[in-house]
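Below is one structure, written out as structure tokens, with a few remarks after it.
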Amino acid sequence: MSNYLIGDIQGCFDSLQILLKKIKFSSDKDQLFFLGDVVNRGNKSLETLRFIKDLEGNAQMVLGNHDFHLLACALGSKKPNKKDTFTDIISANDAESLFDFLKNQPLAITHKGVLMVHAGIPPNWDVNRVIQQSKKVQKHLQGTNISQFLDDMYDNKPNIWSKDLSELAQCRYSINALMRLRFCKSNGELEFDYKMNYTHPPKGFKAWFMHKNRLLKDTDIFFGHWSSLSGVNQAHIYPMDHGCVWHGRLSAIRLKDKKIFSVSC
Ligand SMILES: [Mn+2]
């Protein structure tokens with residue numbers, strides 16, 4: 001039995017199937033973990049989401065910003081923009097069960113001592129904080145007022161964490177951090193205007209995984225979201241978005257030996 005962690009698919013269903021053949025995925029033996037952004041930008045978001053849902057006990061996923069955006073367009077009052085390619089999911093006859101599936105996915109997963117999120121983790125958060133905040137957001141996604149909740153989550157503020165924030169402000173910070181983070185300050189202040197390579201951070205900021213004071217610096221962390229990351233050589237840091245939807249690669253990493261399997265897209 002092997003555990004594989006797979007980076008951002010973004011609707012590239014055909015690449016996913018080729019990758020699963022390459023790793024000889026067996027639903028009898030193997031477990032898959034998807035690192036979020038399973039839909040959007042690619043051409044087969046509906047097929048991808050159905051496939052992952054139908055894996056049932058053989059797969060888990062964390063929510064990415066594109067998965068969240070799909071929920072906000074389908075169940076909140078957000079409108080899809082021109083680049084969004086998930087409208088076939090919204091009009092599918094099984095849409096409700098697909099959204100129920102997404103609403104039940106966490107923002108973070110711990111498994112055999114490793115941590116998985118879509119984007120990043122504030123330096124001043126420990127694993128308990130990550131899981132606690134993931135659960136808090138999930139509780140609202142599963143609640144009866146999900147439509148209002150989704151609308152309330154669209155803001156870059158607060159950009160700094162405090163346990164004294166209101167419940168909704170805590171959720172907004174947590175969603176922005178776990179699903180969108182690239183650069184932040186050592187105190188967890190978030191920055192969203194820059195998408196450059198991590199070696200050229202905006203003044204006063206660093207890539208979230210470069211802060212020396214990180215509480216989780218001894219924990220293996222697997223994440224996606226940042227397709228332009230390359231040449232990262234930080235202990236315990238595993239960037240897995242290899243730019244599939246931008247004609248890069250779709251990759252899986254085997255947990256027991258950290259071997260990476262990739263297919264060109
Ligand atoms: Mn993303």
Side-chain angles (χ1 to χ4, degrees), residues 5-13 15-16 19 32-45 48-49 52 59-74 76 78 80-86 89 101-103 105-109 115-122 130 133-134 137-138 141 150 153-156 159 171-184 190-198 201 205 207-209 221-230 232 237-253 265:
L5 285 58
I6 298 179
D8 306 33
I9 304 165
Q10 298 204 243
C12 297
F13 178 75
S15 299
L16 175 62
L19 179 63
L32 302 178
F33 294 88
F34 297 98
L35 296 169
D37 283 359
V38 300
V39 299
N40 211 8
R41 300 288 183 269
N43 62 358
K44 292 189 179 175
S45 288
T48 306
L49 188 54
I52 291 173
Q60 297 181 54
M61 68 173 276
V62 293
L63 288 176
N65 53 305
H66 284 287
D67 313 311
F68 193 82
H69 181 55
L70 166 59
L71 283 177
C73 290
K78 276 266 154 192
N81 61 50
K82 277 184 196 150
K83 290 185 193 162
D84 292 334
T85 59
F86 51 49
I89 299 178
F101 169 77
L102 279 182
K103 287 191 297 195
Q105 304 312 312
L107 279 61
I109 294 173
L115 191 50
M116 307 170 211
V117 295
H118 177 60
I121 298 170
V130 174
Q133 290 307 115
S134 169
V137 172
Q138 242 192 314
L141 290 178
L150 289 164
M153 291 302 105
Y154 274 78
D155 199 299
N156 286 345
N159 62 354
C171 288
R172 209 153 49 219
Y173 179 90
S174 303
I175 286 168
N176 285 334
L178 300 174
M179 290 188 200
R180 296 174 62 207
L181 177 57
R182 290 188 178 93
F183 295 103
C184 65
L190 310 175
E191 148 65 53
F192 290 114
D193 291 336
Y194 285 77
K195 294 185 177 183
M196 307 293 284
N197 203 297
Y198 79 103
F205 292 83
W208 63 268
F209 51 81
I221 299 176
F222 299 83
F223 62 102
H225 186 61
W226 199 342
S227 63
S228 64
L229 264 188
S230 64
V232 174
I237 289 296
Y238 298 90
M240 291 302 299
D241 181 0
H242 296 163
C244 177
V245 77
W246 313 114
H247 304 293
R249 292 168 294 130
L250 181 65
S251 301
I253 186 165
C265 302

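In each ligand, atom 1 is the first atom listed, and ligand 1 is the first ligand listed.
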### Query
With under 30° as parallel and over 60° as perpendicular, where do the rings of Y198 and F209 fit, or are they tilted in between?
tilted
#### Entry: ring pair (Phe, Tyr, Trp, His ring centres under 6.0 Å) against H66, all qualifying residues, sequence neighbours excluded
none
### Query
Mind checking what makes ring pair (Phe, Tyr, Trp, His ring centres under 6.0 Å) contact with F68, not counting sequence neighbours?
none
### Task
Enumerate the protein N/O/S atoms at a distance below 2.8 Å from the Mn ion (ligand 1), ignoring waters.
D37 OD2, N65 OD1, H118 NE2, H225 ND1
### Task
Among R180, E191, R172, find the residue that satisfies the side chain to side chain donor-acceptor pair (under 3.5 Å) test when tested with N156.
R180
### Query
Should we count CZ of F192 as having more than 12 external heavy atoms under 6.0 Å?
yes
Donor-acceptor pairs are to be reported for all side-chain atoms of residues 245-253 against protein atoms at under 3.5 Å, with residues two or more places apart or in another chain.
unit_1, atom_1, unit_2, atom_2, d
R249, NH1, S262, OG, 3.2
S251, OG, H242, ND1, 2.5
S251, OG, S262, OG, 2.6

